[in-house]
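Reminder, nothing fancy here: chain letters follow the sequence lines and each chain counts from 1.
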Amino acid sequence: MKNPFVEEIARQLAGPTGLAPDQVARSLSIPPAETQTDYAFPCFALAKTKRLKPTEIAQELAQHVHPGEWIESAAVNGPYLNFRVARGKFIAWALERVREEKTSYGCSDEGAGRTVVVEFSSPNIAKHLGVHHIRSTMIGNALTHIFTALGYKVVSINFLGDWGTQFGILMAAYRKWGTAATLEGDAVSNLNALYVRFNQEAKENPALRDEGRAWFKRLEDGDAEAVALWEQFRAISLAEFQKVYDLLGVKFEVLSGESLYDKLMPATIARLEKLGLAKIDQGALIVDLSTHKMPPVILRKSDGATLYDTRDIAAAEDRWEKYHFARMAYVVGGEQKLHFRQIFTTLQMMGYDWAKECVHVDFGMLRFQGAKMSGRQGQVVMLRQVLTEAIDRARQAIDQKNPALPNKEAVAAAVGIGAVVFNDLKRQRSKDVDFDWDAILSFEGETGPYVQYAHVRLCSILRKYGQPVDAAADLSLLTEPEEFALAKALADFNSVIRRAADGCEPSAVSQYLLELCGLFSTYYHKHKVLTEDAPLTAARIRLVDSLRQVIANGLRLLGMQTPEEM
RNA sequence: GCGCCAGUAGCUCAGUUGGAUAGAGCAUCGGAUUUCUAAUCCGAUGGUCGGGGGUUCGACUCCCUCCUGGCGCGCCA
C-alpha cells in the first residue's frame, strides 16, 4: 500500500538531498508524540556527506519544503526535519482504503505466483496432543494465514511422527500386554500407557529394547502383521488429533508423515553416496559435517534402520519436486536447531540451491513449573483439557457479565479458545513460556478476549446505529487527536503483516492488535460515537466500521474467531 | 568443554533497518458506570536496559569480554 503522504515528502526532499525518493522514504522515522508531528527526516547521514552540521542541514532542507494538499507543515527540530501531514486528508485516505478493501484490507499480492510450504504441528502418533503442541500448531497456522494474505500460495503440511523405533516399541508393548479393550474407548491413552510401561520395564530389562527395535525393523521390511498394527495405531491417533484441530479451527492441505518417505530414502541415500557425501563410520552410514563444525548426519544406523535425519532430507527433496517453493518453513521447537542446520547444510552440499530458502521457524519451549514439558516422560497436560477448561471459564464469565447472550456455547468457545491461542501468539515465538493456568485462562489485560471485546464493542455501536455505513460521510469532521491516532494505526496494518511474514513472527500481528485496541478503548471512553449531530455520527461510524474491519482481519490472521457479542 | 539462544519495572513482556525524555499488561494504591457491553478506562508508585570495555554525532539495539539462565552436542524425535 503506497502512502501518498510519505511519497510527497520523499518527492519534495529528493532534489534538495540528492537522494532517490525511495531512499528518503526509507529513512523517514516516526517522531515522538509530543512534537505533534508525523514523520521525521533525520539529517545525520547527510551531515557526513555534505560535511555540515545536521541542524544546519535540517534548516536548509526546510527552505525547500512546500506545504500543500498533503503536507501541512514542516518544522526544524534540532537535527530533524519534522513533517505534519494534513490530518483530515490522512484520515479520509486511511478510512477510504479500509472501506474499499474490506476483508482484504492489509493484504497485498507481493507473493503472487510463489509458493510457501509451512510444516507445522507434526505430532507423534499414539500420543495425545499436549499443551506444548499448541505452539507449533498455532504459530504455523497463523503463518499460513499471513503468507496467504500476501498473495502466496501456501501448502500447509502436518508432518506426522509416525515412523521410528518408538513404534517398534509400541508394537512390542501391544503384543505383550494389549487386549481387545486397548483399542477401544480412549485408545490413545491406552496405547500411551503401554508405551510408558514398556519404557519403564526396559530400564530393568534392557533386552526389551531389542524387541522394540526388531519390531520396527519388521515394519520397515513391510511385514504384514507389523504394517497392520501400525495402520491401526495411526488411524486411531488421527481421529483423536482431528477433534482438537476442529476446536482450534486448524486445517492442513497435506497430511504427510515420516512413514511416507520410507520408500524414497534408498534413492536419497544413493544420491548422497554417488556425490561422495556418505561414508561408513563405526558401522553407521553418515554425512561428515566436521568441516562445518557439526556432528555428522546419521543416514543409517549400524543395525540398518534409518533415522529422522534421512527422512527429513528425503522429504525436502520431494517437496521441492512437488512445489518449487519460494520458501519452506519448519515450525519446530528450538531444541532441534542443530538438526535443521545439519539438514540444510547437507542439502546445500548436495548442490540444491533451494536449500537456502529453507528456514527453521523455531520457538521456545513450554515449561511446567520450571520442568521441561514434552512427551517422553509422560508428564503432559493434554491440550484438549486446557481448551475445555478455557471454554468453561469463558462460559462462567458470560453467565456473570452477559447472561442474556444468545449463542452462549459458540461464544464461550470463541472466547475461551481465543484466550489460549492469543496467549501463545502474543510474545515473540523464541521466548520460552512457563505453563501457567492463570495466564492462559486470563481474560483481562493483554489477552485475546481483550481484543475480541474491542471488536464486540465496535459491533455493538454499529448495531445500535442501525443504519448502513455512509460511504459519503464527511470525514473532515473527525478532528479529535485520538481519531487521527487511530487512522495512523489503521494505515500501518499492511506493513505489520509484511513484518510478520519476513520474520515468520505472528506476534507482530498480536502486538499490533493490542496497540490498536488500546487506542480504541481510550477513544471509546473519551468520545461518544452516537450523538445528536448526524453528520459527525456518520463520520465516526466510518471510523468505527474501519476499526472493526481491521481488528477482524487481524484476528483471522491469528486463527481466532471474531464474535459480535460476548 | 564446545556451539546456539536469552538477560529491559516486583512479575510477564513491547521497543521497526542504530535515532529525540525506554513503553504496556499483571500486581499495589487512588479514581471513573443516569451515557455506544466496566472482559473497559484514567491517575500514582515502580528502571545503573545483567556487569565492564569499545565503535559513533548518537547504543536497549552493533563488536569484544565476563557473569547468570536455558537448549543442543553420532546411531531418540
Side-chain angles (χ1 to χ4, degrees), chain A residues 26-27 29-32 34-35 40 42 44 47-48 53-54 77-80 82 122 124 161 163-166 169 258 281-286 293-303 305-309 311-312 332-339 341 362 364-365 367 372 374-376 394 397-398 400-402 405 415 419 426-428 430-434 436 438-439 442-450 452-454 456-465 492 495-496 499 503 507-508 511 514-515 517-518 521-531 537 540 544 565-566:
Chain A
R26 259 184 292 121
S27 57
S29 63
I30 307 298
E34 310 85 70
T35 63
F44 306 104
K48 265 188 188 150
K53 290 185 178 169
N77 192 329
Y80 295 93
N82 290 347
S122 308
N124 290 333
W163 207 246
T165 316
Q166 52 182 324
I169 290 174
E258 298 180 30
D281 189 275
Q282 297 173 32
L285 187 67
I286 66 160
K293 295 178 180 165
M294 280 185 274
V297 164
I298 298 191
L299 297 169
R300 203 165 52 210
K301 300 197 285 183
S302 39
D303 69 358
T306 57
L307 283 84
Y308 80 135
D309 292 289
R311 296 193 280 277
D312 267 352
V332 179
E335 63 272 19
Q336 292 197 39
K337 269 186 175 171
L338 178 58
H339 165 68
R341 274 182 59 215
D362 62 315
M365 70 171 57
R367 289 192 157 57
K372 182 174 169 177
S374 88
R376 219 150 301 178
I398 291 167
Q400 192 191 338
K401 296 166 198 282
N402 194 359
L405 179 74
V415 173
K426 77 176 174 190
R427 49 174 58 92
Q428 287 176 7
S430 63
K431 299 258 185 212
D432 284 350
V433 329
D434 211 345
D436 176 0
D438 289 337
S442 167
F443 297 164
E444 289 172 12
E446 297 175 324
T447 65
Y450 175 81
Q452 289 172 323
Y453 185 61
V456 159
R457 281 176 149 178
L458 290 159
C459 289
S460 179
I461 294 171
L462 291 168
R463 212 179 307 122
K464 184 151 184 184
Y465 180 60
D492 281 341
S495 70
V496 167
R499 206 153 27 95
S507 70
Q511 290 294 329
L514 288 174
E515 168 80 23
C517 292
S521 294
T522 299
Y523 177 68
Y524 178 88
H525 279 272
K526 200 160 172 185
H527 303 287
K528 202 151 163 47
V529 173
L530 304 175
T531 66
T537 299
R540 288 187 171 170
V544 163
E565 288 180 81
M566 65 190 260

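- Looking at the side chain of I461(A), the nearest of the listed nucleotides U21(B), C36(B), A39(B) is C36(B).
- Contact annotation: the side chain of Y453(A) never approaches that of S521(A) to less than 4.5 Å [non-hydrogen atoms, C-beta and beyond].
- In terms of position along RNA chain B, the nucleotide closest to L530(A) lies nearer the 5' end than the nucleotide closest to the other residue of the pair T447(A) and L530(A).
- Distance check: D362(A) CG to E335(A) CD gives 9.5 Å after rounding to the nearest 0.5 Å.
- In this entry C41(B) has G31(B) as its Watson-Crick or G-U wobble partner, both defining distances falling under 3.5 Å.
- Within 4.0 Å of R540(A), counting heavy atoms only, lies no atom of the nucleic acid at all.
- Within the 4.0 angstrom heavy-atom criterion, only backbone atoms of the sugar-phosphate kind lie near L338(A); the bases stay farther away.
- Among the protein residues, L514(A) comes within range of no part of the nucleic acid, since none of its heavy atoms lies under 4.0 Å from any strand.
- The aromatic rings of H339(A) and Y308(A) sit parallel, their planes meeting at an angle under 30°, below the 60° perpendicular limit.
- Within 4.0 Å of E258(A), counting heavy atoms only, lie sugar-phosphate atoms of the nucleic acid but no base atom.
- Residue contacts for G164(A): at a heavy-atom cut-off of 4.0 Å it reaches the sugar-phosphate backbone alone, with no base atom in range.
- Comparing the C1' positions of G50(B) and G7(B) gives a spacing of 6 Å, expressed to the nearest Å.
- As judged by a 4.0 angstrom heavy-atom cut-off over every strand, N82(A) is placed among the base-contacting residues.
- No side-chain heavy atom of Y465(A) sits under 4.5 Å from any side-chain heavy atom of R540(A).
- Between C71(B), C36(B), A39(B), one nucleotide has an atom nearer to the side chain of M365(A) than all others, and that is C71(B).
- Separating the P atom of C67(B) from that of G25(B) is a span of 38 Å, rounded to the nearest Å.
- When distances run from any side-chain atom of P295(A) to the nucleotides C73(B), C41(B), A77(B), the shortest one goes to C73(B).
- The side chain of V415(A) lies closest to A39(B), out of C13(B), A77(B), A39(B).
- With both pairing distances under 3.5 Å, C62(B) is matched to G54(B) as a Watson-Crick or G-U wobble pair.
- OP1 and OP2 of C41(B) both lie 4.0 Å or more from every side-chain N or O belonging to Y523(A).
- Between R499(A) and U17(B) there is no side-chain polar atom (N or O) within less than 4.0 angstrom of OP1 or OP2.
- Nucleotides of RNA chain B nearest to Y453(A) and V433(A) differ in position, and the one nearer the 5' end is that of V433(A).
- Nucleic acid contact for P31(A): base, since at least one base atom lies under 4.0 Å from a heavy atom of the residue.
- With C41(B), A20(B), C36(B) as the candidates, the nucleotide lying closest to the side chain of T522(A) is C41(B).
- Base pairing of A20(B) is not made with any nucleotide, judged by Watson-Crick or G-U wobble geometry with both donor-acceptor distances under 3.5 Å.
- Taking every side-chain heavy atom of N77(A) into account, A20(B) is the closest of C13(B), C42(B), A20(B).
- When heavy atoms are screened at a 4.0 angstrom cut-off, K464(A) is found touching the sugar-phosphate backbone but no base atom.
- T447(A) places no side-chain N or O within donor-acceptor distance of the main-chain N or O of A419(A), the cut-off being under 3.5 Å.
- Minimum atom distance to the side chain of Q282(A) is reached by G74(B), of the listed A77(B), G74(B), A38(B).
- Of the C1' atoms belonging to U28(B) and C11(B), the separation is 12 Å, rounded to the nearest Å.
- Within 4.0 Å of M294(A), counting heavy atoms only, lies no atom of the nucleic acid at all.
- Stacking of F44(A) onto the six-membered ring of G58(B) is not present when judged by under 5.5 angstrom between centres and under 30° between planes.
- Distance CD1/I298(A) to CG/L307(A): 6.5 Å, rounded to 0.5 Å.
- Ranking G70(B), G74(B), A20(B) by closeness to the P296(A) side chain, first place goes to G74(B).
- Contact annotation for Y465(A): no contact, since no heavy-atom pair falls under 4.0 Å across all strands.
- Comparing A77(B), A39(B), A20(B) by their closest approach to the side chain of P449(A) singles out A39(B).
- In this structure, of C5(B), A77(B), U40(B), it is C5(B) that holds the atom nearest to the side chain of K337(A).
- Using a 4.0 Å cut-off, no side-chain N or O of Q428(A) falls inside it from OP1 or OP2 of C5(B).
- Nucleotides G3(B) and C64(B) are separated by 12 Å at their P atoms, to the nearest Å.
- The side-chain heavy atoms of I461(A) and Y524(A), taken from C-beta on, include a pair separated by under 4.5 Å.
- The phosphate of A14(B) (OP1 or OP2) has a side-chain N or O of K431(A) nearer than 4.0 angstrom.
- In this structure, Y450(A) does not count as stacked on the base of A39(B) under the 5.5 Å centre distance and 30° plane angle limits.
- Between K401(A) and A39(B) there is a side-chain N or O to OP1 or OP2 distance below 4.0 Å.
- Spacing between G47(B) and U21(B) at atom C1', rounded to whole Å, works out to 13 Å.
- For the C1' atom pair drawn from G58(B) and A20(B), the interatomic distance equals 10 Å after rounding to whole Å.
- Using Watson-Crick or G-U wobble geometry with both donor-acceptor distances under 3.5 Å, G46(B) finds no partner in any strand shown.
- For D309(A) and A77(B), a side-chain-to-base donor-acceptor distance below 3.5 Å is absent, hydrogens and geometry of angles not being considered.
- Comparing A38(B) with U33(B), their P atoms sit 12 Å apart, to the nearest whole Å.
- Nucleotide C11(B) forms a Watson-Crick or G-U wobble pair with G25(B), both donor-acceptor distances falling under 3.5 Å.
- A40(A) comes within contact range of at least one nucleobase, with a heavy-atom separation under 4.0 Å.
- Residue P42(A) is classed as having no contact, given no heavy-atom separation below 4.0 Å to the nucleic acid.
- Distances shorter than 4.0 Å separate none of the side-chain N or O atoms of R341(A) from OP1 or OP2 on G72(B).
- Taken from CD in Q452(A) to SG in C517(A), the straight-line distance is 10.0 Å, to the nearest 0.5 Å.
- Comparing A14(B) with G30(B), their C1' atoms are spaced 27 Å from each other, to the whole Å.
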**OP:** Assign a letter to each nucleotide of nucleotides 24-33 of chain B from its 5' end: B, base within under 4.0 Å of a protein heavy atom; S, sugar-phosphate only; -, no contact.
**Re:** BS--------

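- For G3(B), the paired nucleotide is C71(B), the pair qualifying as Watson-Crick or G-U wobble because both relevant distances are below 3.5 Å.
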